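Here the structure comes first, spelled out in structure tokens, and everything after it is commentary.
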Amino acid sequence: IDTIRGGGKLNKKRFASSPAVVRPSSGGVHGQRSAVFSREQARQRALYPRTEKIEVVLHGPGLHGTLLIMNKGVSTPHSCARHLTEWHVKSSALALVDGEPWPLHKPLIQSCSLSLLSFKDKDPSLVNQAYWRSCAALLGQVLEDAFKDEYSVELLGIPELPVTSGAFCCDFVLDPQLDSWNPSEESMCSLIRGAQQLIHQDLPWESLEVTPSVALEVFSHSRCKQEEVEEKAAKSNNGTVVLYRCGDHVLLSGGPLVARTGLCSQYEVTAIHRLGEGAWGLHRRAQGLSLPFQLEAHHTVWRKLRSRATKLVSEDFYWLHFKFLKGQCVESCIQILTPLFSCLSSPTKKRLGYY
Amino acid sequence: MRLTLQMLISHGRVARKMGLGPESRLNMLRNILTGLVKHERIETTLGRADEVRFYAEKLIDYAKKGDTDTKAMKMANFWLTVLLYHRFFLLVSLSYSDPVPSTLFCFCLPDFYEYSWFFGSSSYFLFSLWFQEKDLIPKLFKVLAPRFEAQPKGYTRMARIPNRENLDKAAMAVLEYKGNPFPPLQPAKRENELTLINQLLKGYREEQAQQAAAMVESQ
């Protein structure tokens with residue numbers, strides 16, 4: 001296929017400058033990524049051949065000091081919830097292990113204190129943020145699946161936005177053949193249907209902490225993703241990168257995701273905006289709005305929120321909101337400063353400035 | 001009048017019967033109302049609390065007129081008394097030489113005279129002993145009336161409580177004047193501001209406010 005790329009800028013960025021002919025079909029790519037993920041998961045599980053016990057102390061309303069004896073490297077906060085009641089299993093979206101946010105399906109590796117977080121706690125800000133990230137990840141997954149195999153879709157990343165901005169978003173780049181494509185009503189509806197199908201399947205978001213080399217192997221077909229892996233590895237404390245898998249899609253995320261897709265109930269893809277030419281092609285931003293099953297909105301309220309979510313959300317204005325989130329003070333300062341510094345050194349995908 | 005079946009059936013009759021008769025009913029309500037003004041929160045049976053509510057609110061309406069108003073003062077004088085003893089036998093000597101000890105009560109209203117026994121030089125009289133609460137009248141005019149100046153009505157609050165433990169298992173209620181110094185009967189439930197939907201709505205409201213401000217500026 002003679003693809004007319006967007007000029008010299010793109011060729012500079014891409015290491016593999018050959019066109020899309022060599023690229024395998026999207027189904028194959030996802031299968032390969034999922035296979036690497038499963039292999040790494042099995043390898044990490046095999047590190048604990050003998051069943052060792054750990055003590056997990058539960059904290060929460062009505063649960064203070066409950067002691068559970070769980071298996072090391074196998075038991076997850078989800079399995080701890082299963083020891084309690086069905087309500088705990090259904091409503092818990094995230095867990096706090098020794099004060100740090102922990103995905104619900106990640107195995108526990110030492111004796112710790114655990115508290116299960118839901119959407120109706122006194123302070124659900126962590127859960128809200130994780131939910132927003134998960135909805136954006138779901139949106140990315142839907143977009144990857146939506147287009148035919150001959151058109152490539154590159155997910156650029158999920159900008160971290162606070163909940164008050166009104167919508168979650170996912171930046172992506174389509175095949176250059178679709179540069180003139182604009183989404184119609186029917187295509188938006190089909191995207192929403194795709195998302196609803198994933199929600200209905202109730203797929204769990206499995207997480208895995210891997211070394212950057214494994215992550216680079218997973219994303220071997222996508223240069224953009226590999227750059228993101230390198231960025232995240234540079235930012236993290238111990239140099240590892242956290243991968244999340246839902247169904248057979250493997251993705252990166254800026255923080256923990258909620259337990260499973262079934263937690264969302266009202267989900268709509270509201271708009272797809274053009275951000276203009278960028279490092280990888282024509283950058284687009286897909287926005288959506290979602291609410292969990294415990295906090296459903298009346299249709300009048302939903303309509304108002306949805307009309308707000310169709311407007312383009314920009315991240316620069318909302319960086320300051322992150323200062324006041326729990327335990328993210330330092331991280332937010334770094335996040336505020338790095339875009340400013342990086343725009344001096346090299347153009348990153350975030351510093352577009354078209355809006 | 002004709003003794004019909006409709007006289008015995010009380011469908012649609014709204015006036016309650018309390019105590020021994022209409023006068024007894026008013027006495028009982030007077031006692032309860034005095035207790036309410038004194039304590040600002042009392043616990044009685046459901047029916048009595050409901051009856052007193054009307055009189056409590058009317059008393060406040062009279063008190064709002066001020067203590068210079070004669071009718072208001074008459075009302076306060078009438079309602080803020082406590083019946084200590086109802087129809088007790090008092091030994092009164094016929095000679096009236098030794099005065100009735102007045103240290104116990106301010107005034108004594110004879111309910112009705114009845115020479116039940118003629119016992120030598122003394123007789124028994126049936127009296128009702130009333131106690132006028134002198135310090136509740138200023139409390140009514142100086143404390144309660146200014147408290148409810150801004151409100152047109154609705155000075156009291158009634159809440160049901162579990163039935164009495166006695167054999168009668170009477171339905172009980174708590175009656176209080178609003179603005180009393182005690183902790184609230186039913187604490188107001190506040191919705192959590194930090195839930196996802198409330199945060200989205202907060203963002204929506206802020207944006208609307210910004211747009212409204214921008215519209216005002218542009219004009």
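Just so we're on the same page: letters track the sequence lines, and every chain starts at 1. Everything quoted here is computed from the prediction, not taken from an experiment.
Within the 4.5 Å cutoff, the side chain of P159(A) has heavy atoms near those of the D171(A) side chain.
Taking every heavy atom of both residues into account, R284(A) and R274(A) meet most closely at NH2-NH2, 4.0 Å.
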Please lay out, stage by stage, how H78(A) and R82(A) fare under the test side chain to side chain donor-acceptor pair (under 3.5 Å). CA-CA 6 Å; H78(A) 177 76; R82(A) 285 177 71 187; 4.8 Å; no
Step-by-step side chain to side chain donor-acceptor pair (under 3.5 Å) determination, Y131(A) to S290(A): CA-CA 9 Å; Y131(A) 182 74; S290(A) 173; 2.6 Å; yes
In sequence, state the C-alpha distance, the side-chain angles, and the governing distance for H298(A) and T300(A), and then conclude on side chain to side chain donor-acceptor pair (under 3.5 Å). CA-CA 6 Å; H298(A) 192 252; T300(A) 48; 2.8 Å; yes
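Between Y177(B) and F148(B), the two ring planes are tilted [angle within 30° to 60°].
Around atom CE of M7(B), more than 12 heavy atoms belonging to other residues, nucleotides or ligands sit under 6.0 Å away. At most 12 non-hydrogen atoms from other residues, nucleotides or ligands lie less than 6.0 angstrom from NZ of K74(B). Residue K122(A) places its NZ atom among 12 or fewer non-hydrogen atoms of other residues, nucleotides or ligands, all under 6.0 Å distant.
Here K304(A) is the residue among K120(A), E296(A), K311(A), K304(A) with the most heavy-atom pairs under 4.5 Å with chain B.
When heavy atoms are compared at a cutoff of 4.5 Å, V127(A) does not approach chain B at all. Contacts between S118(A) and chain B at a heavy-atom distance below 4.5 Å are absent for every atom of the residue.
Contact annotation for residues 181-196 of chain B against chain A (heavy-atom separation below 4.5 Å, listed by residue number): N192(B), L194(B), T195(B), L196(B). At a heavy-atom separation below 4.5 angstrom, chain A is approached by no residue within residues 52-71 of chain B.
A distance of 4.5 Å separates CD of E176(B) from CZ of R41(B), quoted to the nearest 0.5 Å.
A salt bridge links E40(B) with K139(B); the closest basic N to acidic carboxylate O contact falls under 4.0 Å.
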